[in-house]
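Sequence lines set the chain letters: A, B, ... in the order given, protein chains first and strands last, and positions in each chain run from 1. Predicted model only: the values in this text are computed from it and were never measured.
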Protein chains: 2
Amino acid sequence: MVEAPRNTRQRRAVVAILEDLDGFASAQEIHDILKRRGESVGLSTVYRSLQVLADAAEVDALRNDDGEVLYRQCSAGHHHHLVCRSCGRTVEIEGPSVERWADKIADENGFRDVAHTLEIFGTCSSCA
Amino acid sequence: MVEAPRNTRQRRAVVAILEDLDGFASAQEIHDILKRRGESVGLSTVYRSLQVLADAAEVDALRNDDGEVLYRQCSAGHHHHLVCRSCGRTVEIEGPSVERWADKIADENGFRDVAHTLEIFGTCSSCA
DNA sequence: TTCGTCATGACAACGATTGTCAAATCAACG
DNA sequence: CGTTGATTTGACAATCGTTGTCATGACGAA
C-alpha cells in the first residue's frame with residue numbers, strides 16, 4: 001500500500017509552474033520563478049517535488065549538455081523531444097520505427113533490459 | 001594556427017588506457033586504473049586530457065544516468081552506441097534512417113543547428 | 001644545453017544535487 | 001473544531017563530479 005503524497009501548498013505551486021511552462025526547465029529555474037511570484041518554496045522542496053513527480057512519470061526529465069536535469073510536464077506514453085537549446089521550448093515527437101530499430105539492434109547483440117534515450121536539440125524559429 | 005598538444009607521458013598513458021578498454025569509462029575510473037598500474041597521473045590531468053581528446057573528436061563522450069561523463073575511443077564518423085549499463089561494453093551502431101528522420105522532424109518544426117543524442121542502454125549477455 | 005612555453009598536480013573552489021533534523025503542516029479522527 | 005501523529009518543509013551542511021589556480025616541472029625548438 002503506497003502512501004498518497006500530501007497535498008501541500010508547495011507541491012501545488014511547483015505543479016502550477018510546470019503547467020504554465022511549455023518547455024523544459026531546471027529545478028533552480030523553477031525555484032526562481034516561484035520566488036519571483038512571491039510563492040516562495042525552499043529549494044530542497046522543489047528538488048524533492050520534482051523527483052516525486054518524475055518517479056510518478058507525471059513529468060519527463062532529461063539532461064542538457066551542462067549536465068543539469070530539466071523537467072517538463074508531458075503527455076503520457078513514450079515519446080521523445082525536440083528541444084530549443086535557448087528557450088527550452090519543446091515539441092513532443094514520436095518515432096515508432098526508431099523504437100523498433102533500437103530494440104532490434106539491442107536484441108541482435110544480446111542485450112537485455114533495454115532502454116534508449118533520444119533527444120533532438122536545436123534553436124527554435126523564435127530564438128534564431 | 002592551432003598549437004599541437006605536447007606529447008607527454010601522462011597524455012600517452014591516458015590514451016593507452018583508452019586503447020585497452022573496449023567500453024566507456026569515467027575519468028575517475030581511468031584515473032584509478034592508472035594508479036593501479038603504477039603509472040600515476042593527477043586527476044586534473046586525466047580530466048584535461050580527456051577534454052582535449054573529446055574536443056579533437058578522438059574520443060566519444062556521453063553521460064550515464066547518474067550524470068557522470070563516460071569516455072571511449074571510438075571509430076571516426078557519426079555513430080551511436082549500445083552500452084552495457086553494468087560493464088560499459090559498447091557496440092557502435094549506425095542508423096542512417098534515424099538521422100534522416102531526426103533532421104526532418106527538426107526542419108518541419110523550424111529548428112536550426114540541429115543535433116541529436118541517441119544511446120541505447122541495456123545489460124549485455126556476459127553481465128546478465 | 002638553453003629557454004620560453006605549455007603541462008602537471010596538489011589543492012581549493014564550484015555548482016548541482018542530496019542528506020539532515022528540528023519545526024511546521026497536513027488530514028484523519030474524535 | 002481541537003488533538004494527534006506522521007509527513008513535509010526549509011535552512012543548512014555535506015556530497016560528488018568537475019573545473020580553476022598557480023607554483024613547479026617537463027617538452028622540444030633553436
To the nearest Å, give me how far apart CG (B:Asn64) and P (D:dC16) are.
15 Å
Quiz question: by atom type and distance under 3.5 Å, do the side chains of B:His80 and A:His116 form a donor-acceptor pair?
no
Find which nucleotide of DNA chain C each of A:Ala27 and A:Arg48 is nearest to by heavy atoms, and output the residue with the more 5' nucleotide.
A:Ala27
Taking the nucleotide of DNA chain D with the nearest heavy atom to each, does A:Gly42 or B:Gln28 sit closer to the 5' end?
A:Gly42
Given C:dA27, D:dT18, C:dG9, the nucleotide with the shortest approach to the side chain of A:Asn7:
C:dA27
In whole angstrom, what separates B:Leu50's CG from D:dT18's P?
10 Å
Answer yes or no: does a side-chain N or O of A:Ser44 lie under 4.0 Å from OP1 or OP2 of C:dT18?
no
Measure CG/B:Leu43 against C1'/C:dA13 and give the value in whole Å, please.
14 Å
Using whole Å, report how far CG of A:Leu70 lies from P of C:dT17.
8 Å
N/O (side chain, B:Arg9) to phosphate O (OP1/OP2, C:dG9) under 4.0 Å:
yes
B:Gln10 side chain N/O closer than 4.0 Å to the phosphate oxygens (OP1, OP2) of C:dA7?
no
Return the value, rounded to whole Å, for the distance between atom CZ of B:Arg12 and atom P of C:dA7.
14 Å
A:Glu94, CD: over 12 other non-hydrogen atoms inside 6.0 angstrom:
no
What integer distance in Å separates B:His31:NE2 from D:dC16:C1'?
15 Å
Should B:Tyr47 be listed as having a side-chain N or O under 4.0 Å from OP1 or OP2 of D:dT18?
yes
What's the CD-P distance between A:Glu68 and C:dT18, to the nearest Å?
13 Å
Return no unless some side-chain N or O of B:Arg11 is found under 4.0 Å from OP1 or OP2 of C:dT8.
yes
Side chain of A:Thr45 only, heavy atoms from C-beta on: which candidate in D:dT9, D:dT19, C:dT8 is closest?
D:dT9
Can you tell me if A:His81 and A:Glu92 form a side-chain donor-acceptor pair at under 3.5 Å?
no
Ignoring hydrogens and geometry beyond distance, is the side chain of A:Arg6 in donor-acceptor contact with the base of D:dA6 at under 3.5 Å?
yes
Distance check: side-chain N/O of B:Thr8 vs OP1/OP2 of C:dC6, anything under 4.0 Å?
no
From CD of B:Gln51 over to C1' of C:dA7, roughly how many Å is that when rounded to an integer?
14 Å
Residue set satisfying side-chain hydrogen bond (donor to acceptor under 3.5 Å, both in side chains) with B:Gln10, at least two apart, ordered chain then number -> none
Any heavy-atom pair between the side chains of A:Arg112 and B:Cys84 that's under 4.5 Å?
no
